[in-house]
**Q** 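Quick one: the structure is below, and I'll ask about it shortly.
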Protein chains: 2
Amino acid sequence: MKNILFDFISKYVSLTEDEMNAIGSADIFRSAKKGTILLKEGQRSKDSYFVLKGCIRTYYLLDSEEKTTAFYTEMEALTPPCVVNKTPSDYYVSCVEDTILTVSNSDMEAEINSKFPKFEIMCRMLSEELLAKHRIDFDAFKTSSPEQRYLNLLQSRPDLIQRVPQHQLASYLGIKPQSLSRLRARILEKKS
Amino acid sequence: MKNILFDFISKYVSLTEDEMNAIGSADIFRSAKKGTILLKEGQRSKDSYFVLKGCIRTYYLLDSEEKTTAFYTEMEALTPPCVVNKTPSDYYVSCVEDTILTVSNSDMEAEINSKFPKFEIMCRMLSEELLAKHRIDFDAFKTSSPEQRYLNLLQSRPDLIQRVPQHQLASYLGIKPQSLSRLRARILEKKS
DNA sequence: GCAAGTCGTTCACTTAAGTTAAGAAGAAAC
DNA sequence: GTTTCTTCTTAACTTAAGTGAACGACTTGC
């Protein structure tokens, strides 16, 4: 399991034995059952997550309705805005499936960053890369219709459509579950 | 003008006289007329931008139609995805108004970062902050209707609505200019 | 000063998403 | 094994965005 983490890190910096041991022995590996809530609205958490196996999602509770805005699967990292901004969280984070992940505190990260400048560099690279990717996703979302978004998702993350409930997918696509059903029926009809 | 840049930097790290001089004497300050295109689709640019005065926008050309996805005004920074990913740019960057900005090359930044670890830290903080902010914006976009988005924008960046042409605002809101006109008329009617 | 182009608005019509309600299929609870 | 809950789908109706066209107000260029 730890190998997944090291593989991920090695995309950015190369670690020495010592550094790998320091990370490997840190108490950050967790496993959580499907449905477990990792972060609640209003909490002041300092925890970041990195998914080793499984899937977690972020969602808002607006008008007592869940609005899912993101999914994180294998090899994806999430640092919630409340950690960066030191504010109470606006949203929930929960497990879509049984999930194995790392949970790391921002104080701990700050300490590691000051001890190993290598991590500072990795964090910068990772944030920059995520920001760039995120911008592209946002742009694609803005410039396309719900139907196009669904077709894009089918291309880019086909696994999500299988492993995630439709109503969560729908709000991820910015529409209601009924619209997603209809839209899927429409696409099937076009194909034939 | 340079003070704006230093004020911005000081939000993240404190600079020594030497460091300020190093930056101040760098040849990065530019001014560009309204309509100037800073980056074209297909270009392999390494330039990042920081707006000192004025406004720039990013837009895609899809089906020979401009799709504006972002505006950057005073004290805002843009590193296009093509710089991070070392790929040809998918979009254009152009000046909405006469603009004064800094244009800095990523090679130059890498050099500065390795010379002054302070900058590395600043870049990480900035990217993390931007990513968090961006996530919140994206989430707000996903979970709201065009009308709500317009009202949000009216709250959060009222200046944009004044300084930017309606048709650019419309595609920024993910709709057509006609829909924005209609939507505005609808809101006015509700108020009365 | 005039012509050409740009920009914003309005209108009529089409298309698709929101809403409300109902029902079928499957999973979880007892 | 039956009940209950959740999930997904379908349908009828409402609402709002997309489309195509037309018009007036403003620039921009000559």
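Each chain gets a letter, A, B and so on, in the order its sequence line appears, and its residues count up from 1. Note that the structure is predicted; figures quoted are calculated from it, not measured.
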**Q** So does His167(B) get a side-chain nitrogen or oxygen closer than 4.0 Å to the phosphate oxygens (OP1/OP2) of dG8(C)?
**A**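 Yes, within the criterion.
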**Q** Starting from the 5' end of DNA chain D, give me the residue, Ser179(B) or Gln168(A), whose nearest nucleotide shows up first.
**A**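 Upstream on the strand: Gln168(A).
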**Q** Determine, for Glu109(B) against Arg124(A), whether the closest basic-nitrogen to carboxylate-oxygen distance falls under 4.0 angstrom.
**A**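 No, Glu109(B) and Arg124(A) are not salt-bridged.
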**Q** Find the distance Arg186(A):CZ to dA11(D):P and express it as a whole number of Å.
**A**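 Spelled out: CZ on Arg186(A) to P on dA11(D) is 15 Å.
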**Q** Using whole Å, report how far CD1 of Ile187(B) lies from P of dT9(C).
**A**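 Distance, rounded to whole Å: 12 Å.
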**Q** Distance check needed: dT19(C) C1' versus Glu65(A) CD, whole Å only.
**A**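 About 11 Å, once rounded to whole Å.
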**Q** With ring centroids as reference points, do Phe8(B) and Phe50(B) lie under 6.0 angstrom apart?
**A**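 Aromatic pair counts; centres sit under 6.0 Å.
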**Q** Measure the distance from CD on Gln166(A) to C1' on dA27(C) and round it to the nearest whole Å.
**A**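 Answer to the nearest Å: 16 Å.
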**Q** Figure out the CD/C1' separation between Glu147(B) and dA17(D), and round it to whole Å.
**A**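 About 12 Å, once rounded to whole Å.
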**Q** Take Leu183(B) and Lys34(B), find for each the nucleotide of DNA chain D with the closest heavy atom, and name the residue whose nucleotide sits nearer the 5' end.
**A**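 The 5'-side residue here is Leu183(B).
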**Q** Between dT10(C), dA17(C), dG18(D), spot the one nearest the side chain of Pro146(A), thanks.
**A**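 Shortest atom-to-atom distance from the side chain points to dA17(C).
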**Q** Distance only, no hydrogens: is a donor on one side chain within 3.5 Å (strictly under) of an acceptor on the other, for Ser104(A) and Ser48(A)?
**A**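 No, because no side-chain N or O of Ser104(A) sits under 3.5 Å from a partner of the opposite role on Ser48(A).
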**Q** Can you tell me how far P of dA12(C) sits from NZ of Lys176(B), to the nearest Å?
**A**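 One finds 22 Å between P of dA12(C) and NZ of Lys176(B), rounded.
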**Q** Closest approach to the side chain of Arg182(A), judged atom by atom: which nucleotide of dT19(D), dT9(D), dG18(C) is it?
**A**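 Of dT19(D), dT9(D), dG18(C), dG18(C) is nearest to the side chain of Arg182(A).
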**Q** Atom CG of Leu169(A) and atom P of dC8(D): how far apart are they, to the nearest Å?
**A**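 Leu169(A) atom CG is separated from dC8(D) atom P by 8 Å.
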**Q** Looking at Glu111(A), I'd like to know if its CD atom is crowded, meaning that more than 12 non-hydrogen atoms belonging to other residues, nucleotides or ligands lie closer than 6.0 Å.
**A**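 No, CD of Glu111(A) has 12 or fewer neighbouring heavy atoms, counting only those of other groups under 6.0 Å.
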**Q** Rounded to the Å, how far apart are Ile161(A) CD1 and dC8(D) C1'?
**A**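 After rounding, the reported distance stands at 15 Å.
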**Q** Are Tyr91(B) and Asp139(A) close enough that a side-chain donor and a side-chain acceptor fall under 3.5 Å?
**A**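 Side-chain D/A pair, Tyr91(B) to Asp139(A): absent.
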**Q** Between dA21(C), dA16(D), dT9(C), which one does the side chain of Gln178(A) approach most closely?
**A**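 Nearest to the side chain of Gln178(A) among the choices is dA21(C).
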